[in-house]
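Here's the structure we're looking at; comments come further down.
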Amino acid sequence: MKESPPIAFRRNLRLIDSTALVAGSMIGSGIFIVSADMSRQLGSPGWLLVAWLITGVMTLIAALSYGELAGMMPKAGGQYVYLREAYNPLTGFLYGWTLFLVIQTGTIAAVAMAFAKFTGVLIPWVSEKNIWLDMGIIKFNTVHIIAISSLIILTWINTRGIKTGKVVQNTFTLTKVFLLFVFIVAGLIIFKGNGASALNREIFWDAATMNENGLLESLTGFALLAVIGTSMVGSLFSSDAWNNITFTAGEIINPKRNIPLSLFFGTLIVTVIYVLVNLVYMNTLPLRGEQAASGVFEQGMQFATNDRLGTASMTMILGESAAVVMAILVMISTFGCNNGLILSGARVYYAMAQDGLFFKSTGRLNRFGVPSISLYVQCIWACLLCLSGTYSNLLDYVIFSVLIFYIMTIIAVFVLRRKQPDAKRPYKAIGYPVLPALYVIAALFIMIVLLIYKPLYTWPGLIIVCVGFPVYYLWKRNKTKHLQ
């Protein structure tokens with residue numbers, strides 16, 4: 001009897017699909033929220049834009065550097081593979097371990113909860129106060145029902161094959177990019193103005209942070225640089241997930257060409273959108289506001305209700321219907337974002353399982369050519385994080401470790417040029433060695449600033465990474481036993 005050929009990944013992602021995956025995974029709910037907190041820290045329109053521009057430039061440099069690695073190693077697992085090949089299997093595992101435990105699944109949980117909370121704007125039944133089951137530590141409410149349901153639906157969709165997943169991704173990415181374009185045009189061109197722009201020009205470069213007593217303290221010199229670094233926690237997370245396209249390398253048509261191009265186009269599109277959206281905020285709302293004020297304009301960017309800056313800005317443009325319109329936009333944005341995160345993340349655990357460093361069953365493909373078990377394991381853990389209520393804290397904790405792995409991956413470009421000088425490089429990092437080195441320096445500066453001024457953003461993330469050391473050796477030991 002003739003044996004059927006082994007199931008393999010199917011290359012169905014074109015350049016436009018890959019670009020949609022990059023942009024769609026980056027744009028979630030962050031851009032509509034984080035600038036409020038950044039405004040409180042920086043107190044200046046000009047320096048807020050600088051923080052977003054630095055984030056955008058850093059992301060573009062990193063994306064261009066990753067392009068070289070993607071061209072060299074167009075394999076499923078992406079960044080995990082780059083770290084394994086440049087350093088050793090342990091380094092790759094520590095990244096994959098942190099990705100599964102917190103980075104990917106924590107982001108998926110946070111985005112799902114944002115989707116559910118904004119659903120509550122349209123459907124009042126969806127509320128954290130509407131508790132269905134009270135188990136003491138865990139209170140299961142209707143927000144959890146919507147969040148977890150969205151994860152289960154998206155996970156099931158992606159078990160049906162890469163073609164199904166990409167249709168969802170393309171549809172939601174194109175829709176939210178179009179709606180953001182409409183928002184930008186309405187806020188910068190159609191909106192006639194309400195005096196916010198003039199108020200912001202008066203303090204454009206007047207940096208001032210909000211202290212514990214709610215008073216403004218002027219910022220200059222190193223203090224200003226330090227606050228820019230700490231404020232970028234929000235913008236960096238909002239711009240994260242661009243690297244997820246590398247995880248799906250086994251399913252991309254002509255990956256040596258299309259991964260570098262999609263990294264460039266995707267990150268560039270999102271960077272431009274983010275800067276323009278912040279300009280809309282500044283055109284419709286004064287950056288500085290009063291916490292006790294009742295009016296949206298008087299609250300300003302700094303004290304938008306629940307930090308929902310996008311809704312506050314939309315209120316200035318549309319009036320009372322803004323909450324509903326923004327809720328629909330955020331729901332579309334977060335649903336599409338999570339599709340990209342769910343689709344791509346499972347490929348890393350698949351690659352780890354192929355190396356004997358994750359559950360064996362997650363290293364198998366189903367009849368549609370996708371790692372369905374890996375998708376479901378990811379879904380289960382993300383659902384548990386939703387219920388735990390710790391997902392947002394976890395995301396705060398891992399920014400330090402995320403930067404560690406980004407730095408190590410950029411340095412891998414230098415390492416592999418020495419270790420494998422004759423390897424084929426269809427694409428080479430633009431500006432090498434200057435631009436990759438600048439990224440490393442900038443990221444190290446942000447890490448040092450966080451270590452000094454926000455230790456809670458550093459030590460928990462490091463602990464999560466370090467726990468991976470004994471887990472790695474236990475997994476290796478288990479693998480050795482099975483081989484004996």
Side-chain angles (χ1 to χ4, degrees), residues 8-26 57-89 91-92 95-96 99 162 166 239-271 340 343-345 347-348 350-352 354-355 405-440 443:
F9 281 117
R10 299 168 187 176
R11 296 192 181 276
N12 281 306
L13 297 178
R14 300 163 298 164
L15 177 58
I16 190 169
D17 306 319
S18 303
T19 304
L21 184 57
V22 174
S25 298
M26 291 174 71
V57 170
M58 286 181 65
T59 304
L60 279 167
I61 291 173
L64 293 171
S65 299
Y66 272 51
E68 176 170 324
L69 300 172
M72 286 179 65
M73 296 168 279
K75 300 174 184 177
Q79 189 171 344
Y80 161 78
V81 176
Y82 312 154
L83 291 168
R84 182 192 68 195
E85 295 301 311
Y87 303 103
N88 48 53
T91 305
Y95 172 69
L99 190 84
I162 190 64
K166 82 172 185 180
S239 302
D240 202 13
W242 53 268
N243 60 321
N244 281 13
I245 188 62
T246 67
F247 304 162
T248 64
E251 294 148 292
I252 296 174
I253 298 168
N254 192 6
K256 294 181 179 181
R257 170 184 177 271
N258 287 339
I259 293 180
L261 286 176
S262 63
L263 280 166
F264 172 72
F265 289 128
T267 53
L268 180 62
I269 289 168
V270 174
T271 297
L343 184 157
S344 54
R347 274 63 178 173
V348 177
Y350 166 87
M352 292 171 68
Q354 292 290 304
D355 293 339
F405 289 118
Y406 277 156
I407 288 171
M408 291 186 70
T409 308
I410 301 298
I411 293 175
V413 176
F414 294 86
V415 173
L416 289 169
R417 286 219 184 179
R418 284 183 172 274
K419 286 178 67 174
Q420 302 177 21
D422 299 323
K424 290 184 179 179
R425 291 175 171 81
Y427 164 86
K428 290 188 176 181
I430 293 175
Y432 177 90
V434 176
L435 290 183
L438 282 176
Y439 177 91
V440 172

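Just the heavy atoms: all of them, side chains too, but no hydrogens, waters or symmetry mates, feed the values below.
Between Y432 and F414, the angle of the ring planes lies from 30° to 60°, which puts this pair in the tilted group.
Note that CD1 of I410 is 14.0 Å distant from CZ of F405, once rounded to the nearest 0.5 Å. Distance OH/Y95 to CG/L99: 4.5 Å, rounded to 0.5 Å. Taken to the nearest 0.5 Å, the OG1 atom of T267 stands 6.5 Å off from the CG atom of L64. To the nearest 0.5 Å, atoms CE (M352) and CG (D355) are separated by 8.5 Å. Considering CZ of R347 and OG1 of T246, their distance stands at 12.5 Å, rounded to 0.5 Å. Rounding to the nearest 0.5 angstrom, the gap separating the CD1 atom in I259 from the CE atom in M73 is 11.0 Å.
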Checklist entry - Taking it one step at a time, do L15 and S262 satisfy side-chain contact (heavy atoms from CB on, under 4.5 Å)? => result CA-CA 6 Å; L15 177 58; S262 63; 4.1 Å; yes

Checklist entry - Going through the distances and angles, do I245 and L263 end up as a side-chain contact (heavy atoms from CB on, under 4.5 Å)? => result CA-CA 8 Å; I245 188 62; L263 280 166; 3.5 Å; yes

Checklist entry - side-chain contact (heavy atoms from CB on, under 4.5 Å) between T248 and L343: does it pass, once the steps are laid out? => result CA-CA 8 Å; T248 64; L343 184 157; 3.6 Å; yes

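A distance-only check finds no donor-acceptor pair linking the side chain of T91 to the backbone of Y87 [under 3.5 Å]. A donor-acceptor contact shorter than 3.5 Å links the side chain of K166 to the backbone of N12. In this structure, the side chain of R11 engages the main chain of I252 through a donor-acceptor pair within 3.5 Å. Checked by atom type and distance alone, the side chain of N258 pairs as donor or acceptor with a backbone atom of I253 at under 3.5 Å.
For F9 and Y350, the ring centers are positioned less than 6.0 Å apart. Aromatic pair W242/F264: centroids not less than 6.0 angstrom apart.
Remark: the N243 side chain and the Y82 side chain contain no N/O donor-acceptor pair separated by less than 3.5 Å. Counted by atom type alone, Q79 and Y406 present zero donor-acceptor pairs between their side chains at under 3.5 Å.
Using a 4.5 Å heavy-atom threshold, the side chains of L60 and L268 count as touching. Side-chain atoms of N254 and R257, non-hydrogen and from C-beta on, do get closer than 4.5 Å to each other. Put simply, the side chain of F265 reaches to within 4.5 Å of the side chain of L261, judged on heavy atoms. A 4.5 Å side-chain heavy-atom check between N244 and V22 finds every atom pair outside the cut-off.
In I16, the CD1 atom is not crowded: 12 or fewer heavy atoms of neighbouring residues, nucleotides or ligands sit closer than 6.0 Å.
Among all heavy-atom pairs drawn from G67 and Y427, the shortest one is C-CD2, 3.3 Å. In terms of heavy-atom proximity, V415 sits nearest to A86 at CG1-O, 3.5 Å. Residue A241 comes nearest to S25 through the heavy atom pair CB-O, 3.6 Å, listed as atom of the first residue, atom of the second, then distance. Here the closest heavy-atom approach between residue S65 and residue P436 is recorded as OG-CG, 3.6 Å. Between G92 and L83, the shortest heavy-atom contact is CA-CB, 4.1 Å. Nearest approach of V348 to G77, heavy atoms of both residues: CG2-O, 3.9 Å.
A salt bridge does not link K419 with E85: every distance from a Lys NZ or Arg NE/NH1/NH2 to an Asp or Glu carboxylate oxygen is 4.0 Å or more. A salt bridge links E68 with R417; the closest basic N to acidic carboxylate O contact falls under 4.0 Å.
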